[in-house]
Each structure stands twice: as structure tokens, then as C-alpha cells.
Number of protein chains: 2
Amino acid sequence: MITLTERQSLILKAIVRDYTEGGNPVGSKSLVQELPTKVSSATIRNEMARLEDLGLIVKTHLSSGRMPSIKGYRYYVDHILKPEKVDNKDLKVIQHSLGGEFHKIDEIVAQSADILSQLTSYTTFTLRPELKDSRLSGFRLVPLGNHQVMAILVTNNGDVENQTFTIPNDITGDELEPVVRFIDDQLVGLPLQDVFRQLNQEIPLKLAKYLRDPDGFVDIFGRVLSKAASERFYVGGKLNLFNYTDQQSPKELQSLYSLLDQTDSLASVIGSPGQHIQVRIGNEITNDLLKNYSLITATYDVDQHGQGVIALLGPTAMPYSRMIGLMGAFQRELAGKLLDYYRYFDE
Amino acid sequence: MITLTERQSLILKAIVRDYTEGGNPVGSKSLVQELPTKVSSATIRNEMARLEDLGLIVKTHLSSGRMPSIKGYRYYVDHILKPEKVDNKDLKVIQHSLGGEFHKIDEIVAQSADILSQLTSYTTFTLRPELKDSRLSGFRLVPLGNHQVMAILVTNNGDVENQTFTIPNDITGDELEPVVRFIDDQLVGLPLQDVFRQLNQEIPLKLAKYLRDPDGFVDIFGRVLSKAASERFYVGGKLNLFNYTDQQSPKELQSLYSLLDQTDSLASVIGSPGQHIQVRIGNEITNDLLKNYSLITATYDVDQHGQGVIALLGPTAMPYSRMIGLMGAFQRELAGKLLDYYRYFDE
DNA sequence: TTTAGCACTCTTTATCTACGAGTGCTAATA
DNA sequence: TATTAGCACTCGTAGATAAAGAGTGCTAAA
């Protein structure tokens with residue numbers, strides 16, 4: 001356990017701030033003016049040597065200024081930083097952007113990623129509240145003519161998914177009636193997980209009574225069901241990558257870009273944050289591509305509807321204090337908006 | 001009108017080829033070995049001086065090798081190049097990728113952009129056949145419970161669009177019945193353009209009989225209609241930008257990236273190609289961002305269903321011969337696939 | 001414990017040099 | 001007249017050298 005003196009702490013804080021703002025290693029002389037008590041640059045050098053011994057700051061070469069190490073950022077985030085109160089203008093932006101009419105949870109969540117990336121100039125990820133409490137609340141088959149039928153699935157959260165499929169012969173609504181009724185009787189009201197299970201077991205057999213081709217139907221139904229049950233991160237501010245990545249290595253930029261398109265990799269990188277707001281810095285992130293970046297993740301609670309996730313990817317040298325404040329505010333606003341949404345459907 | 005001697009033409013061709021393959025300006029000595037008839041480097045230098053006078057090739061500095069100018073590429077494409085017969089393996093890839101089952105035209109067209117970008121390592125755009133002959137062939141309103149209704153619109157081409165919306169009070173299918181019937185009577189069978197027109201004129205008045213809030217309905221209907229009638233380019237191989245853009249200017253790369261996300265800008269850049277396969281090089285493209293790139297555009301005919309567009313963006317130094325061959329093959333395959341698709345719904 | 005002073009390190013930038021690839025021109029050749 | 005050999009000249013690249021500047025660590029004095 002590292003304990004710093006008051007002055008060491010102030011110096012570390014100043015180094016973090018200066019390096020974050022200027023991007024250049026920070027020298028002892030420039031720090032003289034930034035400490036509340038007047039000390040000479042030599043004193044600061046001595047303190048810096050100690051901070052370096054502790055592994056909190058590093059030099060790029062023998063006679064360069066210092067910059068924070070991963071460990072240094074860690075200490076700063078854990079012990080020094082105070083979350084900045086969110087800027088009033090930023091709060092207005094959030095509230096205004098979330099204020100509109102949305103038809104789907106996913107729209108709200110996707111929009112959130114965009115707002116947050118706009119406010120931060122970084123890249124953001126949002127995940128809707130988990131679906132473990134989602135239940136099937138309705139199923140429709142709508143014949144569209146021209147060999148086409150649309151399957152529509154509704155959950156108790158108001159989520160709607162649909163999938164059009166093509167069938168060999170035209171069919172009327174009447175012929176589909178018994179199938180829909182069967183689904184209504186057997187499956188409506190069940191959690192999606194249970195529907196999945198039954199779909200692979202008893203359903204195909206039972207359906208054989210009504211349909212010549214139950215397998216085809218089961219396939220379609222499974223597809224819509226997967227859509228409704230799939231958890232998928234929305235990504236905002238992809239283009240912001242250009243603002244904070246190392247401009248010298250386009251290869252890396254390209255890899256990052258393609259990482260952002262892989263939902264499953266994203267999920268494993270972001271994980272499900274245990275704490276309320278978690279900061280992972282550099283190699284603390286379980287993905288080598290991101291070892292020079294920082295990831296702030298946060299959950300948001302929507303009461304009995306479960307938790308969602310918001311996340312922020314930026315450079316290790318980011319203004320943590322402002323970002324954490326912002327994440328906190330966003331957490332609250334988004335949770336509030338979703339609660340309103342759910343409440344509307346629970347009436 | 002420029003006319004080149006046989007030998008000049010061969011030299012220009014060799015310069016284009018070498019520069020495209022190697023990326024470096026081409027000198028007279030290296031060309032000696034590439035011409036069918038043995039001539040000295042001095043002769044080639046003389047010829048090159050003439051080609052330069054004509055503006056077909058340029059030097060980067062006084063004593064550098066030569067590279068083709070825009071005008072040089074233009075001449076090469078117009079008079080020298082012979083489209084390469086498409087590679088058999090590539091053809092297999094195309095046919096296989098388009099061979100599967102698709103539920104929507106847009107899926108086929110979107111998939112096409114991906115295949116083409118994969119085959120070329122460049123960036124591609126595809127546009128579905130124009131919709132001017134599209135007619136409204138069906139409209140449904142499906143109450144989903146929980147204040148939600150889904151509007152579904154079907155066209156005679158088998159295109160299906162839908163939009164879920166929220167209404168103040170729950171409603172049953174019966175109440176919506178007259179509205180749907182009214183739409184069926186008045187609008188089904190009309191070209192989408194006409195539907196649009198009527199929607200803004202007589203429809204709101206007539207609907208007032210059946211609905212308290214015709215404006216709200218008209219809004220929803222308009223939204224689904226726009227979705228069905230909107231022409232939108234699919235983009236493939238965005239990440240390939242990294243392979244062929246100037247690695248030195250991330251700013252430019254960023255601008256290009258955001259250009260690819262702007263459907264309307266894309267449309268104006270690509271336009272609607274008059275010829276079957278059109279090559280635009282460098283500043284011939286009406287967008288300054290693309291002045292160092294080449295754009296190959298092509299239409300594909302789907303008989304009475306209109307024309308679509310495929311396009312390819314790459315460096316000015318691209319293997320035109322192979323690319324044009326590829327575009328030709330793709331044109332045919334895609335048109336064929338879509339014809340099959342339409343035929344299925346026309347039965 | 002703090003500080004002034006100083007030698008030392010390392011990066012950055014500019015200047016110079018040598019090298020090589022390629023050109024244009026001239027004069028000789030077929 | 002068209003082609004070619006020869007040569008001086010240009011320009012970009014890479015490496016070497018030097019000077020400036022920022023910053024450090026250490027020593028010795030306050």
C-alpha cells in the first residue's frame with residue numbers, strides 16, 4: 001500500500017493534469033509555479049525521484065520530464081481525483097437529447113452512445129438493460145401476399161422484433177391462425193430463456209399437428225427470438241478514434257476500427273462492471289490492442305428491469321475527473337429515461 | 001485529339017503498369033527490358049519527353065522517373081486498356097456469395113457491396129434498382145398491445161418496410177380495420193410517387209371520417225413510405241481505406257470516413273452513370289476529397305425493374321484492367337440474381 | 001530539509017556530405 | 001532521319017556532425 005505525503009500527492013496531481021492537457025512530459029521547473037507552497041525546482045526533483053521509485057511516474061529517457069505511469073494514473077484515480085460536478089451545459093445537452101419520443105428501448109440506448117461520444121470526443125459503448133427478465137408477450141404472423149409472411153415478436157418490455165420470410169406457397173391469415181394461437185397458449189408469458197428451451201424440445205413435435213413443415217417455422221421463430229434476446233453494444237464516436245490514437249500507426253488504428261465492429265470482442269473487453277463506475281487503465285484492460293488506452297465503464301440500474309452498461313474509451317491521458325462526473329450524470333439520466341419508458345408500458 | 005505511335009502507346013502502358021504495381025516513378029532504364037522490341041534507354045527517354053509534352057506523364061522533380069498524370073490514366077483507360085477476363089476463382093466467389101437465400105432486395109444489394117470490396121480490397125458502393133416503378137401493393141396495421149402498433153408496407157417488388165409506433169390509448173384490430181380498408185381502396189396499386197403526392201393532399205381530409213387524429217397517422221404512414229422509397233447506398237470495405245489512402249494525412253482519412261457515412265453526399269458524388277461502365281479519375285470526380293482517387297461506376301439493368309448502380313473507389317493507381325473486368329462480371333451476376341428474385345414475386 | 005549550482009544526458013533541429021537514380025543534351029552512328 | 005553512347009547536371013535519400021535546449025542527478029552549502 002502506497003502512501004504519499006501531501007506534497008507528493010500535489011505533485012503527482014499536477015503532473016497528471018499538465019501531461020493530460022499538454023501531452024508532453026512535465027519538468028520540475030514548470031511545476032514550481034503550480035504548487036500552492038513555494039518550493040524550488042530542486043526540491044520538486046527530489047520528490048519526483050521518490051515518486052519514480054514508487055513507480056508512479058516515468059521518464060521517456062534519462063533526462064526527460066516525467067509522465068504518469070499506469071500505476072500513477074491508478075493512484076491518481078483511486079486516491080486523488082475528485083469527480084467533477086457535471087457542467088450545466090452538458091447536463092442540458094444530455095437531458096435534451098434524451099427528451100424526445102422514442103419507439104424502442106434500443107433507440108434510446110443507441111442515441112445515448114452518440115450523445116456521450118459527442119460530449120467527450122471519445123468513443124463510447126452502450127448496452128441496454130439485460131434481458132433476463134424479458135418475457136414473451138405477443139406473437140403475430142402477418143401474411144403479406146407474394147409468398148411473404150412477417151413474424152412479429154413482442155416482449156413485456158415493449159421490445160418489438162420482426163423478420164420477413166418467404167414461403168413456398170401463398171397462404172392466408174386463416175391458415176396461420178392455429179399456429180399463432182398455439183404459440184399464444186403455450187409460450188406467451190414465459191421468459192425468453194424458457195421459450196428458447198422449449199423451442200428446441202417439445203414445440204416442434206406439438207406443432208406437427210398444425211403444420212406440414214414445423215422445422216421451417218421453428219427456424220424462423222428462433223431467428224426473431226434471437227434478435228429480441230441478443231445483447232449488443234452500440235458504438236458512438238467511431239470517428240473520434242482519429243482524435244486520440246497514435247497518428248503514427250495506421251495499422252493499429254485499423255485494428256481498433258475492426259475491433260469496434262465485432263460485438264462479441266467488445267463484450268468480452270467491456271465485460272460487466274462490478275462497481276458502479278470502474279476505470280481501467282492501459283494494460284489493466286484485457287485486450288492488447290487497448291493497452292495504451294483507458295476504459296471507463298459504468299452500470300446503470302433500471303430497478304427491476306435489470307442493469308445496463310455505458311462505457312467510454314479514450315487515451316490513458318484523459319481528464320478523468322470530468323469524465324467520471326459526466327458518466328455519473330449520464331448514468332442517472334439514462335436510467336431515469338428508461339424508467340419512464342418502462343413505466344409507460346407497465347401501466 | 002491525341003494520337004500515339006505504337007511504341008509510345010506501349011511505353012505509356014508499361015509506365016502505368018509498373019507504377020501501379022510498384023508505386024514508384026518509373027525510369028527509362030527499367031523500361032528497356034519491358035518493351036517487345038529492343039531499344040536503348042535514350043530512345044525511351046526521347047519518347048518519354050514527348051509523352052510528357054502531351055501531358056500524359058509527369059515527373060515529381062526534374063530528374064525523377066515518370067508517373068502517369070490524370071490525363072495519362074484517362075488515355076490509358078480510353079484507348080489502351082483491355083478489360084481483363086474475370087478470374088475464374090473470383091467468378092466462383094461472386095456466384096457463391098450471391099447464391100444463398102435472401103429475404104429482401106436490400107440484403108442482396110448490401111451483400112454485393114461486401115463481396116466486391118473483398119475481391120478488390122477497395123471500397124465499394126451499391127444502389128438497388130431504382131424504385132420509380134415501385135407500387136404500393138399492401139398495407140397493414142398490426143396492434144401489438146401495450147400502446148403499440150406496427151405499420152407494414154409492401155411493394156409490388158416484394159419490398160417490406162415496417163415501423164412501430166406508440167399510440168396514446170390501446171386499440172384493437174377492429175378499430176383500425178376501416179383505415180386499412182380505406183388505404184387499400186384508395187392507394188394500393190399506385191406508384192409510390194403518387195402515394196406520396198396524395199398523402200400530402202386529399203388523404204388527410206378523407207381520413208378524418210375514420211380517425212380522430214389523421215395527422216398522426218399520416219405522419220406514421222409517411223415515415224414507412226419514405227423508408228420504402230428511399231434510395232440508399234450500401235458501402236462495403238470501409239476499412240480498406242487504410243490500404244490505399246495516403247498514410248501521412250490522418251485528417252484526410254477521417255474526412256473520407258465521414259463522407260462514407262453521408263448517404264446524400266455519396267449520391268451526389270457517384271451520380272447516375274450514363275455509360276455502362278464509367279471510369280472517373282482524380283479531379284474528374286466532383287468532390288475535392290477524392291481528387292487523388294479513382295471511381296469506377298457501373299449500372300446494371302434488371303429489365304423493366306429499372307437500373308441499379310455499383311461503384312468502386314480506389315487509388316488512381318489501380319489495376320484498371322482487372323477492376324473493369326470484375327465490375328463487368330459483377331454487373332451480370334447481380335442483375336441475374338435480382339431478376340430471379342423479381343421473377344419469384346411476379347409469378 | 002531545502003536550495004543553488006553545475007556537469008551530464010538526451011532529443012531536436014539544422015547543415016553538410018556522399019551516393020544513386022534519372023534526366024536532357026550533344027555528337028556520333030546506322 | 002532515327003537511334004544510341006556518353007556525360008554533365010539535378011534532386012531526393014541517408015548518414016554524420018554539431019549546436020541548442022530542456023531536464024535531470026548530485027554535491028555542498030544554507
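Lettering of chains follows the sequences in order, A, B, ..., and the numbering in each one begins at 1. We use all heavy atoms of the structure for the numbers below, so side chains are in, but hydrogens, waters and symmetry mates are not.
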Nearest to side-chain heavy atoms of [X], which nucleotide of [options]:
| X | options | result |
| --- | --- | --- |
| L62(B) | dT23(C), dT2(C), dT10(D) | dT10(D) |
| H61(A) | dT11(C), dT4(D), dT24(D) | dT11(C) |
| A42(A) | dT3(C), dC7(D), dT24(D) | dT3(C) |

Does [N] have its OP1 or OP2 closer than 4.0 Å to a side-chain nitrogen or oxygen of [X]?
| X | N | value |
| --- | --- | --- |
| S64(A) | dC10(C) | no |
| K59(B) | dT10(D) | no |
| R66(A) | dG25(D) | yes |
| R7(A) | dT2(C) | yes |

Side chains of [X] and [Y] only: does a donor on one sit below 3.5 Å from an acceptor on the other?
| X | Y | answer |
| --- | --- | --- |
| T245(B) | Y293(B) | no |
| S40(B) | T43(B) | yes |
| Y320(A) | S294(A) | yes |
| Y75(B) | S9(B) | no |

- Task: Under 4.0 Å between any heavy atoms, over every strand shown, what does K29(A) touch: base, sugar-phosphate, or nothing? Just pick one.
- Result: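 Here K29(A) touches no strand at all.
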
- Task: Using a heavy-atom cut-off of under 4.0 Å over every strand shown, decide if T60(B) touches base, sugar-phosphate, or nothing.
- Result: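 No contact.
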
Output the rounded distance in Å from [atom1] ([X]) to [atom2] ([N]).
| X | N | atom1 | atom2 | result |
| --- | --- | --- | --- | --- |
| K38(B) | dA5(D) | NZ | P | 12 Å |
| L35(A) | dT3(C) | CG | P | 11 Å |
| I44(A) | dG25(D) | CD1 | C1' | 15 Å |
| M48(B) | dT4(D) | CE | C1' | 17 Å |
| D18(A) | dA22(D) | CG | C1' | 15 Å |
| E52(B) | dT23(C) | CD | C1' | 10 Å |
| Q8(B) | dA2(D) | CD | C1' | 13 Å |
| R50(B) | dT1(D) | CZ | P | 13 Å |

- Ring centroid separation for F125(B) and Y234(B), is it under 6.0 angstrom?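 Centroid distance F125(B)-Y234(B): not below 6.0 Å, so no.
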
- Could you say whether S63(B) or N46(B) is positioned toward the 5' end of DNA chain C, judged by the nucleotide with the nearest heavy atom to each?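 Residue closer to the 5' terminus by nearest nucleotide: S63(B).
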
- Would you mind telling me which residue lines up with the more 5' stretch of DNA chain D, S40(B) or R45(A), judged by nearest nucleotide?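 Its nucleotide being nearer the 5' end, the pick is S40(B).
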
